[in-house]
Structure formats: C-alpha cells, structure tokens
Number of protein chains: 2
Amino acid sequence: MKSLKILAVDDHKMTMLGYKYILEDFDFKDFKVKMDMEDSFDSGKLKIEEEVKKDSPYDIILLDIQLSPIKEGYSRTGEDLGIISRKISPNSKIVFLSSFSDNYRINSIMQTVNPEGYMVKTEINEDALTDMVNTVLTAPPFYTKKALIAIRNRMSTNIHLDDNDKKLLYYLSIGTKTKDMVEFVSLSLSGIENRKRQLKEIFGVDKENDYKLITAAKEKGFI
Amino acid sequence: MKSLKILAVDDHKMTMLGYKYILEDFDFKDFKVKMDMEDSFDSGKLKIEEEVKKDSPYDIILLDIQLSPIKEGYSRTGEDLGIISRKISPNSKIVFLSSFSDNYRINSIMQTVNPEGYMVKTEINEDALTDMVNTVLTAPPFYTKKALIAIRNRMSTNIHLDDNDKKLLYYLSIGTKTKDMVEFVSLSLSGIENRKRQLKEIFGVDKENDYKLITAAKEKGFI
DNA sequence: CAAAAACCACAGAAATTTTAAGGTTTTTGT
DNA sequence: ACAAAAACCTTAAAATTTCTGTGGTTTTTG
C-alpha cells in the first residue's frame with residue numbers, strides 16, 4: 001500500500017507524538033501514513049529540502065505557528081517556514097496548527113501562505129485530524145470552526161489598511177504613546193493623529209477612546 | 001416540542017418543496033421544523049415583516065440568489081432581500097443558496113449580508129441541509145465546499161480595488177470597448193487606459209491580453 | 001494642579017492621480 | 001492586403017489628495 005509522507009514541525013514534541021500515533025494507526029482507504037517530526041525552524045526547513053532533493057517531497061506539512069522561542073537575532077515563525085515551504089516544495093499541502101484562534105495571524109497566513117488547511121488546536125481530535133488529511137489531499141481547504149469564524153469576520157468587511165495604518169494600530173495596541181509613534185510609523189505627528197481619527201471613523205468608533213478602536217480592529221482581524 | 005420557523009424564498013417552487021419535505025420530516029434533537037415558502041422578493045419581504053410584527057420572527061431565512069426575473073424597472077435580487085432581512089429581522093439566521101459558485105457574488109454577499117450560511121445547490125443533499133440547520137443555529141458559519149473555495153481564493157489576495165477599477169473590470173468582462181467606457185466609468189479615456197495597465201500589473205498579467213486579466217480577476221472573485 | 005500627552009483646525013508643501021495631446025502599434029472589417 | 005478604428009504608450013500640466021508644520025484647546029497623568 002502506498003505510504004503518505006507527512007512532516008510535522010512543532011516545538012511541543014509530545015503534541016506531535018499524539019498526532020503521529022493517531023495518523024499512523026488510522027486505517028486510511030488508499031494509503032498508510034508515515035510521519036516525520038522536527039522541532040525547530042531550521043531542522044524543519046532542512047528536512048523539507050532533503051526530501052525534495054530526493055524527489056520524494058512530503059505530501060502534507062503540518063506547521064505550528066509558534067516555533068522555537070526567539071533565537072539569537074530575529075525569530076523565525078511557522079508562518080515564515082510556510083512561505084519558504086511553498087517555494088521549495090510546491091506540491092506539498094500545507095496545514096497550520098495554532099494554539100489559539102488569533103484573528104490577525106490567521107488572516108495574515110491566508111495571504112502569505114494560503115494554506116490548504118488551518119486548525120485551531122483546541123478543536124483537534126482524532127476525527128478532525130483524519131478528516132483533515134483526507135480533505136486536504138482531495139478537496140481542500142480544511143478549516144476548523146474557529147479558523148472559519150476568524151475568516152468570516154475578516155471577509156465581512158472591506159476595510160483596506162495600508163502599512164502605516166497597520167503599524168499604527170499595532171503600536172497602539174501595545175500601548176505606544178502617539179507622540180512616540182513617529183519613530184516607527186513614517187508619518188509626522190499630525191499625520192499620525194489624522195490617521196487615527198480616520199481609523200476611528202472607518203471602524204465606526206468615532207469620538208470614542210482608543211480601546212474601542214483596538215477592540216474593533218482585533219475583532220475584524222487587523223491586529 | 002418546540003417548533004423551528006424557517007422561511008424559504010426561491011422562485012423554483014419544486015426545489016423549495018424538496019427542502020421542505022426533508023427538513024420537516026427530519027428528526028432534529030430539540031425541535032420540529034415548520035417551513036414557509038415564498039417565491040418572490042416582495043412576498044418574501046412581506047412575510048418576514050409580518051412574522052416580526054407578530055413577535056415570532058423566523059429562526060432561519062433561506063434565500064435563493066436569483067429571484068424573479070427582472071421585474072418592471074429594476075430587479076431585486078436575493079442579495080437585496082438579505083440586506084433588508086438583516087435590518088428588519090436581525091435575530092434570524094440568513095443562509096444563501098446559489099445555483100452555481102460565482103466567486104464575485106459570494107464575496108459580495110459576504111460583505112453586504114455576512115450570512116450565517118452559504119450553500120451551492122449542487123452540493124446540497126439531505127445531510128448537508130440538516131447539518132446546515134444545526135450549525136447555523138448553534139455555531140455558525142456553515143459554508144459548503146465550493147463556497148469555501150471561493151472565499152479562500154479571495155482571502156488569499158490583498159488586492160484592493162476602488163469603484164472605478166471594479167466597474168472597469170466589469171465592463172471589460174462584458175466586452176465593452178475601452179473607448180466606450182468613458183460613459184460608465186468616471187475617468188477620461190487616458191485615465192481608463194492607465195488603470196487598465198495598472199490592473200494588469202496588480203493581477204500579475206502585465207503585457208498580456210484582456211482575457212487573461214478578466215480570468216485572473218474572476219478567479220479571485222472581483223468580477 | 002501643573003506638566004504631558006492627546007486632540008483639533010488650517011494653510012501651505014508634497015505627493016499622487018488625472019487629463020489632454022501627441023504619437024505608435026495592433027486589431028478589425030472588407 | 002489595406003485602410004480605418006481601436007488600443008496602447010509617453011509626457012507635461014492640471015487637479016486632487018495627502019502630509020506637514022504651526023498654534024492652539026482639551027484631556028489625562030503623576
């Protein structure tokens with residue numbers, strides 16, 4: 001029987017092991033699952049490259065969003081690995097696993113990687129896992145309910161923000177003072193004040209406080 | 001046992017009847033379905049208003065996208081009825097049914113109505129219907145696979161088009177000559193030419209013919 | 001309660017988009 | 001195959017939009 005190659009990249013080894021046992025034991029119709037595991041960005045990337053070179057790329061790549069806690073220098077996330085995987089192994093189906101449903105992250109990944117699947121870990125069980133494998137192979141996409149809700153939230157608006165707007169919202173959300181934003185956002189102070197006012201209008205929270213703005217933006221997946 | 005009120009609005013009476021029989025016969029856990037049917041925009045709207053006035057609004061409203069062939073004057077689509085329903089009966093769950101998976105229409109409806117469900121008719125069967133009812137009531141949204149694919153296509157891009165761009169693409173898709181577009185798009189001829197060039201860049205079909213542009217735009221749900 | 005930060009309004013500067021006019025290339029109909 | 005029409009392209013000036021700097025008022029903070 002044909003064997004189906006899956007790679008899981010996650011720094012929670014135990015979690016991966018659970019997936020591995022479930023999928024390798026399960027009785028799929030046309031194949032038997034063979035799952036490899038890696039626990040870091042670099043080793044994951046290397047494994048993907050190796051298998052591509054051997055002309056036997058992974059059928060499915062499972063990526064945790066939060067990989068290795070910030071290494072020296074800058075951190076490489078599961079999202080980054082997803083982007084790279086698409087390039088070096090374009091025939092592999094990519095599925096993201098995230099610990100919680102983060103509207104912004106999901107939407108960002110939809111644009112940068114456009115994965116065949118997206119699962120929020122609290123929603124994963126044996127059924128969901130095996131379903132995912134079948135769906136992703138034959139008729140993608142597969143999204144768990146919470147992922148779908150995040151996607152729906154975003155789709156239901158046609159607000160378009162440029163880089164400055166996004167940065168502004170982000171720095172606002174981490175408590176940066178308006179006057180300090182000139183360092184991060186390429187606008188003058190009055191420019192920033194203006195944009196902020198506009199953003200409140202766009203999100204329907206005119207004349208309200210910043211908290212309301214951040215909440216609205218988070219709900220719709222912009223932060 | 002509690003009864004669940006559903007209204008279906010569709011000008012294919014036989015189709016509705018099929019849904020009615022399936023849903024009314026099915027053994028739901030907590031309720032019995034009672035389904036009303038209307039075959040036009042106006043009668044549908046009236047019925048929704050009546051039930052709201054009687055303080056017993058519909059739990060679920062099923063709307064076909066294509067309603068009555070263009071009446072005298074301008075046509076009122078299922079989408080229009082959806083927008084109105086949301087206003088007059090905000091607690092009803094709205095589910096759209098469409099005969100084919102039209103990327104543009106789906107995306108447009110996601111923004112104007114943001115329905116709890118979206119089903120492409122070729123994908124509807126007894127299971128899907130009953131699933132939809134349960135899901136929409138307890139944990140929306142419910143989208144059939146083809147709807148999901150359309151949504152994914154759109155999500156995977158962050159192209160933003162203004163009104164002129166959309167009009168331009170639309171008129172281009174129905175074969176309007178560039179020189180005639182000045183009538184419909186509020187731009188000069190050279191403005192239109194410019195935009196067209198830009199659009200081709202945005203959609204990654206530089207220097208290619210219009211057909212390629214239209215195809216790309218359709219694929220991503222902009223037409 | 002004083003200092004800091006946020007907020008607001010407005011005029012001029014800067015940047016972007018649009019237009020008009022000129023031309024070349026491609027498509028269309030006969 | 002050829003002439004006319006349409007599409008395409010470039011450029012400079014005009015129009016529009018966005019941004020900045022300034023001088024204020026109001027709100028928040030320690």
Side-chain angles (χ1 to χ4, degrees), chain A residues 104 111 154 157-223, chain B residues 104 111 154 157-223:
Chain A
Y104 175 72
Q111 295 196 349
R154 183 58 118 78
T157 169
N158 68 157
I159 293 172
H160 184 256
L161 306 183
D162 68 15
D163 266 16
N164 280 331
D165 291 323
K166 286 181 206 159
K167 274 189 195 160
L168 198 161
L169 283 174
Y170 169 70
Y171 283 107
L172 198 64
S173 77
I174 59 173
T176 309
K177 289 180 191 154
T178 302
K179 78 174 181 63
D180 293 331
M181 284 193 196
V182 283
E183 291 180 53
F184 311 114
V185 183
S186 57
L187 281 175
S188 69
L189 183 56
S190 72
I192 291 173
E193 289 167 346
N194 250 314
R195 286 288 191 102
K196 209 168 144 183
R197 224 168 299 147
Q198 285 177 39
L199 283 171
K200 286 187 182 176
E201 269 210 43
I202 291 174
F203 282 101
V205 292
D206 308 40
K207 310 272 173 193
E208 308 229 41
N209 59 24
D210 292 359
Y211 178 74
K212 282 270 183 64
L213 172 59
I214 294 171
T215 307
K218 272 198 179 142
E219 208 177 271
K220 301 207 184 284
F222 287 101
I223 310 184
Chain B
Y104 176 71
Q111 295 194 350
R154 182 59 118 80
T157 171
N158 66 160
I159 293 173
H160 184 257
L161 306 184
D162 68 14
D163 265 16
N164 280 331
D165 291 324
K166 286 181 205 159
K167 273 190 199 160
L168 198 161
L169 283 173
Y170 170 69
Y171 283 107
L172 197 65
S173 78
I174 59 172
T176 309
K177 288 181 192 155
T178 301
K179 77 174 180 63
D180 293 331
M181 286 192 194
V182 284
E183 290 180 51
F184 311 115
V185 183
S186 57
L187 282 175
S188 70
L189 182 56
S190 73
I192 291 171
E193 289 167 346
N194 250 314
R195 287 288 191 100
K196 209 168 144 184
R197 224 169 299 147
Q198 287 176 36
L199 284 171
K200 285 187 181 176
E201 270 210 43
I202 290 174
F203 281 101
V205 293
D206 309 37
K207 309 275 172 190
E208 308 229 41
N209 59 25
D210 294 358
Y211 177 74
K212 284 269 183 65
L213 172 59
I214 293 171
T215 308
K218 272 196 180 144
E219 207 177 272
K220 302 211 186 281
F222 287 101
I223 311 182

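Numbers restart at 1 for each chain; the letters A, B, ... are given by sequence-line order, proteins then strands. Because the structure is a prediction, the values reported are computed rather than measured.
- Rounded to whole Å, atom C1' of C/dA6 lies 11 Å from atom NZ of A/K177.
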- Give DNA chain D the dot-bracket treatment, 5' to 3': Watson-Crick (N1-N3 with N6-O4 or O6-N4) or G-U (N1-O2, O6-N3) under 3.5 Å, [ ] crossing, | other strand. ||||||||||||||||||||||||||||||
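- In this structure, A/L189 atom CG and C/dC7 atom C1' are separated by 10 Å, rounded to whole Å.
- Contact detail for B/Q111 and A/T157: the closest heavy-atom pair is NE2-O, 3.5 Å.
- A/N158 and B/H160 get closest at one heavy-atom pair: O-NE2, 4.0 Å.
- From B/R197, atom CZ reaches atom CD1 of B/I202 across 13.0 Å, with rounding to the nearest 0.5 Å.
- Not counting sequence neighbours, the partners of A/D162 by the side-chain hydrogen bond (donor to acceptor under 3.5 Å, both in side chains) test are A/R195.
- At a threshold of 4.0 Å, the pair B/D210-B/K200 counts as salt-bridged, since one of the basic side-chain nitrogens sits closer than that to a carboxylate oxygen.
- With a cutoff of under 4.0 Å to any heavy atom of chain A, the contacted region of DNA chain D is bounded 5' to 3' by D/dC19 to D/dG21.
- A/I192 contributes atom CD1, which lies 8.0 Å from atom CG of A/N164 (distance to the nearest 0.5 angstrom).
- Near DNA chain C, meaning a heavy atom under 4.0 Å away, the residues from residues 196-216 of chain A are A/K196, A/R197, A/K200, A/K207, A/D210.
- Among residues two or more places apart in sequence or in another chain, the side-chain hydrogen bond (donor to acceptor under 3.5 Å, both in side chains) test is passed with A/R154 by none.
- Using a 4.0 Å cutoff on non-hydrogen atoms, no part of residues 157-174 of chain A comes near DNA chain D.
- Non-hydrogen atoms lying under 4.0 Å from DNA chain C are contributed by A/T178, A/K179, all within residues 178-188 of chain A.
- Evaluation of the salt bridge (Lys or Arg N to Asp or Glu O under 4.0 Å) rule for A/K167 yields no partner, not counting sequence neighbours.
- Taking a 6.0 Å sphere around OH of A/Y104, one finds it holds 12 or fewer heavy atoms contributed by other residues, nucleotides or ligands.
- Atom CG of A/L168 is separated from atom CG of A/L161 by 10.0 Å, given to the nearest 0.5 angstrom.
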Pairs of donor and acceptor atoms involving the side chains of residues 212-223 of chain A, under 3.5 Å and at least two apart or interchain, shall be tabulated with distances.
| residue | atom | partner | partner atom | Å |
| --- | --- | --- | --- | --- |
| A/K212 | NZ | A/E208 | OE1 | 2.7 |
| A/T215 | OG1 | A/Y211 | O | 2.8 |

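- Residues B/V185 and B/D163 fail the side-chain proximity criterion, which asks for heavy atoms closer than 4.5 Å.
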For residues 172-184 of chain B, run the donor-acceptor check on the side chains, cut-off 3.5 Å, and write out each pair with its distance to 0.1 Å, sequence neighbours left out.
| residue | atom | partner | partner atom | Å |
| --- | --- | --- | --- | --- |
| B/S173 | OG | B/Y170 | O | 2.6 |
| B/T176 | OG1 | B/Y171 | O | 3.0 |
| B/T178 | OG1 | B/K196 | NZ | 3.1 |

